[in-house]
Amino acid sequence: MRTARLTTILACAAIAAALCSCDKKPATMRLLYWNIQNGMWDGQNDNYDRFVEFVKEKDPDICVWCEAQSIFLTDSDQAMPAEDRYLVDGWGELAERYGHKYWGIGGWRDNYPQVITSKYPITYIDKIVGEEPDSVVVHGAGYAVVEVNGKAVNIVTLHTWPMSYAPGAQDLEASKAENGGAKYRAKEIEYICEHTIGTVPDAENELWMMMGDFNSRSRLDNDKYGLPEDDARLLVHDYILNNTPYIDVIKEKYPSEFKPSVGGKGSRIDFVYCTKPLYDRITSADIVWDDYTTPVRDPQELSNFWRPSDHLPIMIDFDMR
């Protein structure tokens, strides 16, 4: 059933690609992932010009943006009225400015969705929000397919619960004391994996990637953190590494280095995972730390706002021949 559905999706995508002059087969695929903090709040004061120029210069084929909705007024931590929010509805227009004709949004419940933009048609298989009462995926997740050079690339996007207490906890301090937030994130990742890569028996032989702001630390970085072996903050990535065929791209490429993805805190909580058939196609991968992306605390010290974001992008090139 799943195979027939995916065959139909790929056939439709191929037709759409031909109709939109996407008939030139690419030899490479570049992914750019970034948590852009509050819908690229930093870009609201220049019509996103610096953001667009950065993306154009990197020339990715697929972008995944975390925290992809406008939330706050420009240069303010005051909530923006819903009717004035440019994003998410403006993503089609914004993406066209850097050369992407297609965009899509995963499942979402609140102000923090993930958006995919692409040079190639995007087909969503599932938009994931979880189930009440105890399997809610707070910020939502998505499972989409993009065809590149005749190959189906499965893309899973996510953003897990960020707090140290569990959502809905009545006693926040008690929840923190029992690692409520970390344990809840472990439930989220299990649910997301079960409803994406877990639905495909031979997924380890297919091209899969999963990425997002996991708000969790990995045991593979614990020589940096020095957390106890049974620390709940390690549960999310323990689940992925022990129960899925995913490979942690950045750690696998730089096993002896620690590469933080959050500038102000010096931690790595943004990850891109790939199955081995896709990982083996990687020609380069790194966290992008340059003059534009380096996080700088907003001088007004508004909440925890940074410019251009408190997170750093991850960019990966794949050989799709």
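Taking the six-membered ring for Trp and the full ring otherwise, the centers of His195 and Tyr143 sit at least 6.0 Å from each other. The aromatic ring centres of Tyr279 and Tyr273 sit 6.0 Å or more apart. For Phe271 and His237, the ring centers are positioned less than 6.0 Å apart.
No salt bridge links Asp319 with Arg281; every basic N to acidic carboxylate O contact stays at or beyond 4.0 Å. Of the charged side-chain nitrogens involved, none lies within less than 4.0 Å of a carboxylate oxygen, so that Lys187 and Glu194 do not count as a salt-bridged pair. Taking the charged nitrogens against the carboxylate oxygens, Asp171 and Lys176 have no contact shorter than 4.0 Å, which rules out a salt bridge. Looking at Arg30 and Asp317, a side-chain N of the basic residue comes within less than 4.0 Å of a carboxylate O on the acidic one, giving a salt bridge.
A tilted orientation is assigned to the rings of Phe72 and Phe305, their planes being inclined by 30° to 60°. Using cut-offs of 30° and 60° on the angle between ring planes, the pair Phe258 and Tyr225 is perpendicular. Relative ring orientation between Tyr246 and Trp208 is described as perpendicular, the plane-to-plane angle rising above 60° on a 0-90° scale split at 30° and 60°. Ring geometry for Tyr292 versus Phe54: interplanar angle of 30 to 60°, hence tilted.
Under the side chain to side chain contact (heavy atoms under 4.5 Å, CB included) rule, Val249 has a single partner from Leu31, Ile314, Ile282, which is Ile282.
The hydrophobic cluster containing Trp161, built from Ile/Leu/Val/Met/Phe/Trp/Tyr side-chain heavy atoms closer than 4.5 Å, also comprises Val136, Val138, Met163, Tyr165, Leu172, Tyr184.
Contact of the Leu278 side chain with the Met209 side chain is registered, since non-hydrogen atoms from C-beta on lie closer than 4.5 Å.
The salt bridge (Lys or Arg N to Asp or Glu O under 4.0 Å) pairs that include a residue from residues 254-263 are Glu257-Lys259, Lys259-Asp286, where partners are two or more places apart or lie in different chains. Identified under the salt bridge (Lys or Arg N to Asp or Glu O under 4.0 Å) test for residues 228-239, with sequence neighbours left out: Arg219-Glu229, Arg219-Asp238, Asp231-Arg233.
Side-chain atoms of Asp221 and Ser218 include no donor-acceptor pair closer than 3.5 Å. Defined by atom type and a distance below 3.5 Å, a donor-acceptor pair is missing between the side-chain atoms of Asp89 and Trp91. Checking Ser309 against Gln37 by side-chain atom types alone, no donor-acceptor pair falls below 3.5 Å. Side-chain contact, Glu53 with Tyr98: no donor N or O sits under 3.5 Å from an acceptor N or O.
The two atoms that bring His311 and Pro295 nearest to each other are O-CG, 4.4 Å, heavy atoms only.
Counting non-hydrogen atoms of other residues, nucleotides and ligands closer than 6.0 Å to CD of Gln300 gives a total above 12.
Taken from CH2 in Trp34 to NZ in Lys58, the straight-line distance is 10.0 Å, to the nearest 0.5 Å.
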